[in-house]
Amino acid sequence: RASWTKSAFDARSIADAVKAYGAGAAPAESKDVTLTAPDIAENGAVVPMGVATTLPNVKHLLLLVEKNPSALVAKFDVSDAVEANFLTRAKMGQSSDVYAVAITADGKALFAKKEVKVTLGGCGG
Amino acid sequence: MADPMRIRAQAQGDKALVRVLMSHEMETGQRKDAAGKVIPAWHITEVAAALNGKPVLAAEWGPAVAKNPFLQFTLKGAKAGDKVAITWKDNHGDTRTDEATIS
């Protein structure tokens, strides 16, 4: 079974987290990757976000929050049995760009991003 | 032992929409308690789904997934009566599996 990729979750930056999953080139923006996230999150502790793509040969889909202490939120493996479309809820410490990244079998990384404004942070006590 | 997950799986044509609510603290390891001591990280690290016993989805999560995590995905080639099983594992090594029938 797959184990947890510590280096990806320790990474501070989007680029380093994406590299940990085998992306060779720098991530490029793509209209074929879709990020679902609100414009404004009233509660940074629970921010709905989703990643989807219509691209072929996608191996992993990632959700990342640039200004969180570690950028990576979640990684999903795409298989023939599931649609490349996942939704979850994340924590955001402050307003930040949120990234949805698709990593293809040949090591390309393609992304969509959006700024989400947080009015109440999710990482405080 | 952690509380059971709530799993809803609904057939939509030849697909099934699966929605899962897990019960977990998802402590980040960034917060401090009243005495100023860091509260250690405690969060789900791996999530897996199986359709009729066959693995269909694997995911890795970090502490930035919100408390009591929500997950939604769509299974291809699934029909009413099929069984969906969800398993999570956390960084303490605790694990839990729950199953639902697609309706």
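Order of the sequence lines sets the chain letters (A, B, ...), proteins ahead of strands, with each chain counted from 1. This structure is a prediction, so every number in the text was calculated from the model and none was measured.
Scanning both residues, B:Leu57 and A:Asp77, for their nearest heavy atoms gives CD1-O, 3.5 Å. Of all heavy-atom pairs between B:Phe73 and A:Val82, the closest is CD1-CG1, 4.2 Å.
With a 4.5 Å cut-off on non-hydrogen atoms, B:Leu21 touches chain A through its side chain but not through its backbone.
We find the CD-OG1 distance between B:Gln72 and A:Thr36 to be 10.0 Å, quoted to the nearest 0.5 Å.
Comparing B:Ala66, B:Gly77, B:Ala59 by how many heavy-atom pairs each has under 4.5 Å with chain A, the most go to B:Ala66. Among the candidates A:Ser70, A:Ala8, A:Pro48, A:Ala74, the residue making the largest number of heavy-atom pairs closer than 4.5 Å to chain B is A:Ala74.
Within residues 49-56 of chain B, the residues that have a heavy atom under 4.5 Å from a heavy atom of chain A are B:Lys54, B:Val56, listed by number.
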Q.
Under the criterion side chain to side chain contact (heavy atoms under 4.5 Å, CB included), I'd like the reasoning laid out for A:Lys91 against B:Met26: C-alpha separation, chi angles, the key distance, then a yes or no.
A. CA-CA 10 Å; A:Lys91 293 173 211 158; B:Met26 300 302 286; 3.8 Å; yes

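Ring geometry, A:Phe76 versus B:Trp61: the interplanar angle exceeds 60°, so the pair is classed perpendicular (tilted spans 30 to 60°).
Using a distance-only test at 3.5 Å, with no hydrogens or angles considered, no donor-acceptor pair links the side chain of B:Thr45 to the main chain of A:Trp4. Between the side chain of B:Glu60 and the backbone N or O of A:Thr5, at least one donor-acceptor pair lies under 3.5 Å.
Look at B:Lys15 and A:Glu83 and you find a salt bridge, because one of the NZ, NE, NH1 or NH2 atoms lies within 4.0 Å of a carboxylate O, short of that distance.
Linking ILVMFWY residues whenever their side-chain heavy atoms come closer than 4.5 Å, directly or via other members, leaves A:Leu87 and A:Val58 in distinct clusters.
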